[in-house]
Participant: 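Can you read through this structure? Questions will come right after.
All values derive from a computational prediction rather than experimental measurement. Protein chains get the first letters and strands the later ones, always in sequence-line order, with residue 1 at the start of each.
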2 protein chains.
Amino acid sequence: MNNFDLNKYFLEHNLKPTPQRLTIAEYLLNTTSHPTAEEIYQAVAKKLPMPISLATVYNSLDILVKVGIIKEVFTEPNKVRYDKNITNHHHFVNMQTGEIIDVEPYELLSEQLVENYLLKNPKQKFKISNYHITFYGELVE
Amino acid sequence: MNNFDLNKYFLEHNLKPTPQRLTIAEYLLNTTSHPTAEEIYQAVAKKLPMPISLATVYNSLDILVKVGIIKEVFTEPNKVRYDKNITNHHHFVNMQTGEIIDVEPYELLSEQLVENYLLKNPKQKFKISNYHITFYGELVE
DNA sequence: ATATGATTTAGAATTATTCTAATTATAGAA
DNA sequence: TTCTATAATTAGAATAATTCTAAATCATAT
Ligand SMILES: [Mn+2]
Ligand SMILES: [Mn+2]
Ligand SMILES: [Zn+2]
Ligand SMILES: [Zn+2]
(Lines give C-alpha, C1' and ligand atoms only; values in the text may rest on other atoms or scores of the structure.)
(Ligands and ions follow the chains in the order given, each with its own letter.)
Protein backbone atom coordinates (compact mmCIF):
# COMPACT_ATOMS: atom_id res chain seq x y z
CA MET A 1 0.00 0.00 0.00
CA ASN A 2 1.57 3.31 -1.07
CA ASN A 3 0.91 6.83 0.20
CA PHE A 4 -1.93 7.47 -2.18
CA ASP A 5 -3.74 4.26 -1.33
CA LEU A 6 -3.22 4.97 2.34
CA ASN A 7 -4.88 8.35 2.07
CA LYS A 8 -7.78 6.81 0.17
CA TYR A 9 -8.03 3.95 2.63
CA PHE A 10 -8.24 6.38 5.52
CA LEU A 11 -11.01 8.36 3.88
CA GLU A 12 -12.94 5.21 3.01
CA HIS A 13 -12.86 4.26 6.67
CA ASN A 14 -13.91 7.71 7.86
CA LEU A 15 -10.53 8.38 9.36
CA LYS A 16 -8.96 11.77 8.93
CA PRO A 17 -5.65 11.24 7.17
CA THR A 18 -3.65 13.39 9.56
CA PRO A 19 0.13 13.61 9.16
CA GLN A 20 0.59 11.71 12.45
CA ARG A 21 -1.63 8.81 11.41
CA LEU A 22 -0.29 8.66 7.88
CA THR A 23 3.32 8.67 9.05
CA ILE A 24 2.67 5.94 11.60
CA ALA A 25 0.85 3.79 9.06
CA GLU A 26 3.48 4.45 6.42
CA TYR A 27 6.25 3.50 8.80
CA LEU A 28 4.61 0.19 9.62
CA LEU A 29 3.76 -0.60 6.02
CA ASN A 30 7.40 -0.16 5.05
CA THR A 31 8.94 -2.50 7.58
CA THR A 32 8.83 -6.24 7.96
CA SER A 33 9.83 -5.93 11.61
CA HIS A 34 7.31 -5.99 14.42
CA PRO A 35 8.01 -2.75 16.26
CA THR A 36 6.75 -1.64 19.66
CA ALA A 37 4.87 1.62 20.24
CA GLU A 38 8.05 3.15 21.59
CA GLU A 39 10.05 2.20 18.49
CA ILE A 40 7.31 3.60 16.27
CA TYR A 41 7.25 6.78 18.33
CA GLN A 42 11.01 7.28 17.92
CA ALA A 43 10.95 6.66 14.18
CA VAL A 44 7.89 8.77 13.46
CA ALA A 45 9.10 11.68 15.58
CA LYS A 46 12.14 11.97 13.29
CA LYS A 47 10.08 11.99 10.11
CA LEU A 48 7.41 14.48 11.10
CA PRO A 49 8.03 18.24 10.86
CA MET A 50 5.92 18.85 13.99
CA PRO A 51 6.37 17.14 17.36
CA ILE A 52 4.25 14.10 18.14
CA SER A 53 3.18 12.73 21.49
CA LEU A 54 3.38 9.15 22.62
CA ALA A 55 -0.33 9.31 23.40
CA THR A 56 -1.01 10.01 19.74
CA VAL A 57 1.06 7.00 18.76
CA TYR A 58 -1.00 4.76 21.05
CA ASN A 59 -4.26 6.37 19.92
CA SER A 60 -3.36 5.98 16.27
CA LEU A 61 -2.20 2.41 16.65
CA ASP A 62 -5.46 1.51 18.38
CA ILE A 63 -7.38 3.05 15.51
CA LEU A 64 -5.27 1.35 12.85
CA VAL A 65 -5.86 -1.97 14.59
CA LYS A 66 -9.57 -1.24 14.73
CA VAL A 67 -9.90 -0.46 11.01
CA GLY A 68 -7.73 -3.47 10.21
CA ILE A 69 -4.64 -1.94 8.62
CA ILE A 70 -2.40 -3.55 11.23
CA LYS A 71 -2.50 -6.25 13.90
CA GLU A 72 -1.14 -6.58 17.41
CA VAL A 73 1.15 -9.47 18.27
CA PHE A 74 1.97 -10.84 21.72
CA THR A 75 5.07 -12.97 21.71
CA GLU A 76 6.88 -11.64 24.75
CA PRO A 77 5.79 -10.79 28.27
CA ASN A 78 4.68 -7.22 28.85
CA LYS A 79 5.32 -5.98 25.37
CA VAL A 80 2.88 -5.44 22.52
CA ARG A 81 4.21 -5.34 18.99
CA TYR A 82 2.52 -4.10 15.83
CA ASP A 83 2.39 -5.91 12.53
CA LYS A 84 1.61 -4.68 9.02
CA ASN A 85 0.94 -8.25 7.97
CA ILE A 86 -2.79 -8.61 8.53
CA THR A 87 -3.10 -12.00 6.84
CA ASN A 88 -3.45 -15.05 9.02
CA HIS A 89 0.09 -15.99 9.79
CA HIS A 90 2.36 -17.15 12.57
CA HIS A 91 5.61 -15.99 14.11
CA PHE A 92 9.06 -17.33 14.57
CA VAL A 93 11.04 -15.82 17.43
CA ASN A 94 14.79 -15.96 16.98
CA MET A 95 15.86 -16.70 20.53
CA GLN A 96 19.34 -15.33 19.90
CA THR A 97 18.33 -11.93 18.57
CA GLY A 98 14.72 -11.51 19.62
CA GLU A 99 13.82 -10.89 15.98
CA ILE A 100 10.29 -11.87 14.98
CA ILE A 101 9.80 -13.34 11.53
CA ASP A 102 6.52 -14.03 9.76
CA VAL A 103 5.70 -17.66 9.11
CA GLU A 104 3.16 -18.44 6.44
CA PRO A 105 0.27 -20.70 7.45
CA TYR A 106 -0.13 -24.06 5.86
CA GLU A 107 -3.82 -24.33 5.16
CA LEU A 108 -4.04 -28.07 4.63
CA LEU A 109 -2.39 -28.67 7.96
CA SER A 110 -4.37 -25.89 9.49
CA GLU A 111 -7.68 -27.66 8.91
CA GLN A 112 -6.26 -30.92 10.18
CA LEU A 113 -4.91 -29.16 13.20
CA VAL A 114 -8.17 -27.63 14.29
CA GLU A 115 -10.10 -30.82 13.53
CA ASN A 116 -7.73 -32.94 15.48
CA TYR A 117 -7.61 -30.67 18.46
CA LEU A 118 -11.37 -30.89 18.56
CA LEU A 119 -11.19 -34.69 18.54
CA LYS A 120 -8.32 -34.85 20.97
CA ASN A 121 -10.01 -32.72 23.63
CA PRO A 122 -13.51 -34.11 23.79
CA LYS A 123 -14.37 -33.05 27.34
CA GLN A 124 -15.19 -29.52 26.37
CA LYS A 125 -16.58 -28.57 23.01
CA PHE A 126 -14.46 -25.81 21.60
CA LYS A 127 -15.51 -23.61 18.76
CA ILE A 128 -12.14 -22.41 17.53
CA SER A 129 -12.39 -19.15 15.63
CA ASN A 130 -8.67 -18.71 15.10
CA TYR A 131 -5.30 -19.65 16.41
CA HIS A 132 -1.76 -18.42 16.43
CA ILE A 133 1.49 -20.34 16.59
CA THR A 134 4.65 -18.94 18.08
CA PHE A 135 7.74 -20.87 17.07
CA TYR A 136 10.92 -20.46 19.09
CA GLY A 137 14.36 -21.33 17.81
CA GLU A 138 17.30 -20.04 15.91
CA LEU A 139 18.39 -19.52 12.34
CA VAL A 140 20.99 -21.93 10.95
CA GLU A 141 23.70 -21.69 8.22
CA MET B 1 2.57 -33.62 43.60
CA ASN B 2 1.55 -33.54 47.28
CA ASN B 3 3.04 -31.60 50.18
CA PHE B 4 5.57 -34.27 51.06
CA ASP B 5 6.84 -34.58 47.51
CA LEU B 6 7.00 -30.83 47.24
CA ASN B 7 9.22 -30.57 50.29
CA LYS B 8 11.47 -33.29 48.94
CA TYR B 9 11.54 -31.72 45.50
CA PHE B 10 12.63 -28.41 46.96
CA LEU B 11 15.47 -30.02 48.91
CA GLU B 12 16.61 -31.98 45.86
CA HIS B 13 16.88 -28.72 43.96
CA ASN B 14 18.75 -26.94 46.77
CA LEU B 15 15.80 -24.71 47.46
CA LYS B 16 14.86 -23.96 51.03
CA PRO B 17 11.29 -25.15 51.50
CA THR B 18 10.10 -21.97 53.16
CA PRO B 19 6.41 -21.57 54.03
CA GLN B 20 6.11 -18.83 51.40
CA ARG B 21 7.53 -20.95 48.60
CA LEU B 22 5.67 -24.07 49.64
CA THR B 23 2.37 -22.26 49.85
CA ILE B 24 2.84 -20.65 46.46
CA ALA B 25 3.81 -23.96 44.84
CA GLU B 26 0.99 -25.78 46.58
CA TYR B 27 -1.53 -23.20 45.43
CA LEU B 28 -0.43 -23.56 41.83
CA LEU B 29 -0.31 -27.35 41.94
CA ASN B 30 -3.90 -27.45 43.16
CA THR B 31 -5.47 -25.34 40.47
CA THR B 32 -6.04 -25.91 36.78
CA SER B 33 -6.40 -22.20 36.23
CA HIS B 34 -3.57 -20.01 35.03
CA PRO B 35 -3.35 -17.33 37.69
CA THR B 36 -1.39 -14.09 37.62
CA ALA B 37 1.14 -13.09 40.28
CA GLU B 38 -1.45 -10.81 41.84
CA GLU B 39 -4.03 -13.60 42.08
CA ILE B 40 -1.44 -15.90 43.62
CA TYR B 41 -0.45 -13.18 46.07
CA GLN B 42 -4.05 -12.70 47.20
CA ALA B 43 -4.68 -16.42 47.63
CA VAL B 44 -1.41 -17.18 49.39
CA ALA B 45 -1.70 -14.21 51.75
CA LYS B 46 -4.93 -15.71 53.07
CA LYS B 47 -3.40 -19.12 53.70
CA LEU B 48 -0.18 -18.09 55.41
CA PRO B 49 -0.08 -17.27 59.14
CA MET B 50 2.56 -14.57 58.53
CA PRO B 51 2.27 -11.70 56.04
CA ILE B 52 3.85 -12.13 52.65
CA SER B 53 5.11 -9.51 50.26
CA LEU B 54 4.38 -9.27 46.57
CA ALA B 55 8.15 -9.21 45.95
CA THR B 56 8.38 -12.66 47.52
CA VAL B 57 5.65 -13.90 45.24
CA TYR B 58 7.55 -12.68 42.18
CA ASN B 59 10.86 -14.00 43.53
CA SER B 60 9.38 -17.38 44.32
CA LEU B 61 7.61 -17.68 40.98
CA ASP B 62 10.85 -16.90 39.15
CA ILE B 63 12.59 -19.61 41.15
CA LEU B 64 9.82 -22.15 40.57
CA VAL B 65 10.01 -21.42 36.85
CA LYS B 66 13.79 -21.83 36.94
CA VAL B 67 13.70 -25.23 38.66
CA GLY B 68 10.90 -26.30 36.37
CA ILE B 69 7.96 -26.84 38.71
CA ILE B 70 5.87 -24.31 36.79
CA LYS B 71 5.85 -22.45 33.47
CA GLU B 72 4.97 -18.95 32.40
CA VAL B 73 2.32 -18.39 29.75
CA PHE B 74 1.75 -15.30 27.63
CA THR B 75 -1.67 -15.28 26.04
CA GLU B 76 -2.74 -11.72 26.72
CA PRO B 77 -1.02 -8.37 26.38
CA ASN B 78 0.78 -7.09 29.46
CA LYS B 79 -0.05 -10.00 31.70
CA VAL B 80 2.03 -13.04 32.64
CA ARG B 81 0.24 -16.13 33.92
CA TYR B 82 1.66 -19.14 35.72
CA ASP B 83 0.95 -22.74 34.90
CA LYS B 84 1.44 -25.92 36.90
CA ASN B 85 1.25 -27.92 33.69
CA ILE B 86 4.89 -28.21 32.65
CA THR B 87 4.29 -30.69 29.87
CA ASN B 88 4.35 -29.45 26.31
CA HIS B 89 0.86 -28.25 25.74
CA HIS B 90 -1.15 -25.46 24.20
CA HIS B 91 -3.87 -23.10 25.34
CA PHE B 92 -7.41 -22.32 24.44
CA VAL B 93 -8.64 -18.86 25.38
CA ASN B 94 -12.36 -18.63 25.92
CA MET B 95 -13.02 -15.23 24.39
CA GLN B 96 -16.24 -14.82 26.36
CA THR B 97 -14.81 -15.43 29.83
CA GLY B 98 -11.07 -15.03 29.41
CA GLU B 99 -10.60 -18.51 30.87
CA ILE B 100 -7.51 -20.36 29.70
CA ILE B 101 -7.81 -24.09 29.17
CA ASP B 102 -5.01 -26.57 28.53
CA VAL B 103 -5.00 -28.24 25.15
CA GLU B 104 -3.07 -31.45 24.77
CA PRO B 105 -0.56 -31.60 21.94
CA TYR B 106 -1.07 -34.03 19.11
CA GLU B 107 2.38 -35.46 18.51
CA LEU B 108 1.79 -36.93 15.08
CA LEU B 109 0.56 -33.60 13.82
CA SER B 110 3.24 -31.82 15.74
CA GLU B 111 6.04 -33.43 13.76
CA GLN B 112 4.22 -32.78 10.51
CA LEU B 113 3.65 -29.21 11.54
CA VAL B 114 7.27 -28.40 12.23
CA GLU B 115 8.45 -30.26 9.13
CA ASN B 116 5.99 -28.50 6.91
CA TYR B 117 6.72 -25.09 8.26
CA LEU B 118 10.35 -25.71 7.52
CA LEU B 119 9.48 -26.64 3.94
CA LYS B 120 7.00 -23.87 3.49
CA ASN B 121 9.41 -21.15 4.60
CA PRO B 122 12.58 -21.99 2.73
CA LYS B 123 14.11 -18.51 2.59
CA GLN B 124 15.51 -18.72 6.07
CA LYS B 125 16.53 -21.96 7.69
CA PHE B 126 14.79 -22.23 11.03
CA LYS B 127 15.82 -24.56 13.74
CA ILE B 128 12.61 -24.81 15.71
CA SER B 129 13.21 -25.87 19.29
CA ASN B 130 9.61 -25.56 20.40
CA TYR B 131 6.36 -23.89 19.61
CA HIS B 132 3.16 -22.89 21.31
CA ILE B 133 -0.33 -22.60 19.91
CA THR B 134 -2.91 -20.22 21.31
CA PHE B 135 -6.44 -21.08 20.20
CA TYR B 136 -9.16 -18.45 20.49
CA GLY B 137 -12.83 -19.20 20.53
CA GLU B 138 -15.75 -20.14 22.68
CA LEU B 139 -17.25 -23.19 24.34
CA VAL B 140 -20.42 -24.60 22.79
CA GLU B 141 -23.40 -26.65 24.14
C1' DA C 1 -15.84 34.51 10.73
C1' DT C 2 -17.70 31.27 14.04
C1' DA C 3 -19.15 27.28 16.14
C1' DT C 4 -18.58 22.41 16.70
C1' DG C 5 -16.51 18.26 16.97
C1' DA C 6 -12.33 15.70 16.08
C1' DT C 7 -7.52 15.34 17.03
C1' DT C 8 -3.49 16.02 19.43
C1' DT C 9 -1.00 17.06 23.39
C1' DA C 10 1.62 17.07 27.99
C1' DG C 11 1.60 15.23 31.85
C1' DA C 12 -0.70 12.58 35.56
C1' DA C 13 -2.33 8.07 36.77
C1' DT C 14 -2.37 3.11 36.60
C1' DT C 15 -0.64 -1.56 36.25
C1' DA C 16 2.72 -5.03 36.19
C1' DT C 17 7.10 -5.86 37.40
C1' DT C 18 11.84 -5.24 39.16
C1' DC C 19 15.12 -3.20 42.16
C1' DT C 20 17.14 -1.68 46.57
C1' DA C 21 18.56 -1.75 50.86
C1' DA C 22 17.31 -3.07 55.35
C1' DT C 23 15.58 -6.84 58.31
C1' DT C 24 14.92 -11.50 59.64
C1' DA C 25 15.71 -16.45 59.54
C1' DT C 26 18.69 -20.34 59.46
C1' DA C 27 22.48 -23.58 59.22
C1' DG C 28 26.98 -24.53 60.33
C1' DA C 29 31.35 -23.25 62.71
C1' DA C 30 33.41 -22.26 66.85
C1' DT D 1 24.93 -22.92 72.80
C1' DT D 2 26.47 -18.50 70.86
C1' DC D 3 28.43 -16.47 66.67
C1' DT D 4 28.57 -15.71 61.98
C1' DA D 5 27.81 -16.03 57.24
C1' DT D 6 24.55 -16.55 53.96
C1' DA D 7 19.94 -16.93 52.26
C1' DA D 8 15.27 -15.32 52.27
C1' DT D 9 11.95 -11.93 52.96
C1' DT D 10 10.30 -7.43 53.26
C1' DA D 11 8.45 -2.54 52.36
C1' DG D 12 8.71 0.66 49.53
C1' DA D 13 11.00 3.05 45.60
C1' DA D 14 11.87 2.74 40.77
C1' DT D 15 10.84 1.49 36.09
C1' DA D 16 8.29 0.31 31.89
C1' DA D 17 4.26 0.04 29.25
C1' DT D 18 0.04 1.82 28.76
C1' DT D 19 -4.13 4.55 29.61
C1' DC D 20 -6.45 8.57 31.18
C1' DT D 21 -7.52 13.55 31.62
C1' DA D 22 -8.33 17.88 30.51
C1' DA D 23 -6.69 21.58 27.86
C1' DA D 24 -5.13 23.30 23.33
C1' DT D 25 -5.30 23.07 18.42
C1' DC D 26 -7.21 21.89 14.06
C1' DA D 27 -10.58 21.29 10.41
C1' DT D 28 -15.11 21.62 8.49
C1' DA D 29 -19.65 23.18 7.86
C1' DT D 30 -22.43 26.74 8.36
MN1 LIG E 1 -3.85 -1.18 22.83
MN1 LIG F 1 9.67 -13.15 35.59
ZN1 LIG G 1 3.79 -10.88 11.57
ZN1 LIG H 1 -1.48 -24.63 30.66
Participant: Starting at CZ of B/R81 and ending at P of C/dT17, how long is that distance when rounded to a whole Å?
Facilitator: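 Rounding to the nearest Å, CZ of B/R81 and P of C/dT17 are 10 Å apart.
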
Participant: Anything under 3.5 Å between a donor and an acceptor, one on a side chain of residues 38-51 of chain A, the other on a protein residue two or more places apart or in another chain? List them.
Facilitator:
| from | atom 1 | to | atom 2 | distance (Å) |
| --- | --- | --- | --- | --- |
| A/E38 | OE2 | A/Q42 | NE2 | 2.7 |
| A/E39 | OE1 | A/T36 | N | 3.1 |

Participant: Mind calculating the distance between CG (B/L61) and P (C/dA16) to the nearest angstrom?
Facilitator: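 The answer, rounded to whole Å, is 14 Å.
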
Participant: Which other residues belong to the hydrophobic cluster containing B/I100, where Ile, Leu, Val, Met, Phe, Trp and Tyr are joined when side-chain heavy atoms lie under 4.5 Å apart, directly or via other members?
Facilitator: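 B/I100 shares its hydrophobic cluster with B/V93, B/M95, B/Y136.
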
Participant: Rounded to whole angstroms, how far apart are CD on B/E38 and P on C/dT15?
Facilitator: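 In whole Å, C/dT15 P and B/E38 CD are 10 Å from each other.
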
Participant: Can you tell me how far apart NE2 (B/H89) and CD (B/E104) are? Round to the nearest 0.5 Å.
Facilitator: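 B/H89 atom NE2 to B/E104 atom CD measures 7.5 Å (nearest 0.5 Å).
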
Participant: Between atom CG in A/N78 and atom C1' in C/dT14, what is the gap in whole Å?
Facilitator: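 Nearest whole value for this atom pair: 14 Å.
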
Participant: Atom CZ of A/F74 and atom P of D/dA17: how far apart are they, to the nearest Å?
Facilitator: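 Computing the A/F74:CZ to D/dA17:P distance gives 16 Å.
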
Participant: Residues sharing B/L11's hydrophobic cluster, by side-chain heavy-atom contacts under 4.5 Å among ILVMFWY, directly or via others?
Facilitator: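 Besides B/L11, the hydrophobic cluster comprises nothing; the residue is isolated.
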
Participant: Taking transitive links into account, so neighbours of neighbours count too, which hydrophobic residues share a cluster with B/V73 at under 4.5 Å side-chain distance?
Facilitator: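 Besides B/V73, the cluster holds no residue at all.
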
Participant: What is the distance from NZ of A/K79 to P of D/dT15, rounded to the nearest Å?
Facilitator: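 A/K79 atom NZ is separated from D/dT15 atom P by 16 Å.
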
Participant: Check this one for me: any side-chain N or O of B/Y58 less than 4.0 Å away from OP1 or OP2 of C/dT17?
Facilitator: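 True: B/Y58 side-chain N/O within range (under 4.0 Å) of C/dT17 OP1/OP2.
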
Participant: Take atom CG of B/L22 and atom P of C/dA25, then tell me their distance rounded to the nearest Å.
Facilitator: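 Taking atom P of C/dA25 as the reference, CG of B/L22 is at 17 Å.
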
Participant: Rounded to whole Å, please give me the gap between CG in B/D62 and C1' in C/dA16.
Facilitator: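 So the CG-C1' distance, B/D62 to C/dA16, works out to 13 Å.
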
Participant: In B/S/- notation, 5' to 3', how is nucleotides 7-12 of chain C contacted by protein heavy atoms closer than 4.0 Å?
Facilitator: SSBB--

Participant: Can you list everything that forms a salt bridge (Lys or Arg N to Asp or Glu O under 4.0 Å) with A/E76? Sequence neighbours excluded, please.
Facilitator: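 Partners of A/E76 by the salt bridge (Lys or Arg N to Asp or Glu O under 4.0 Å) criterion, ordered by chain and then number, come out as A/R81.
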
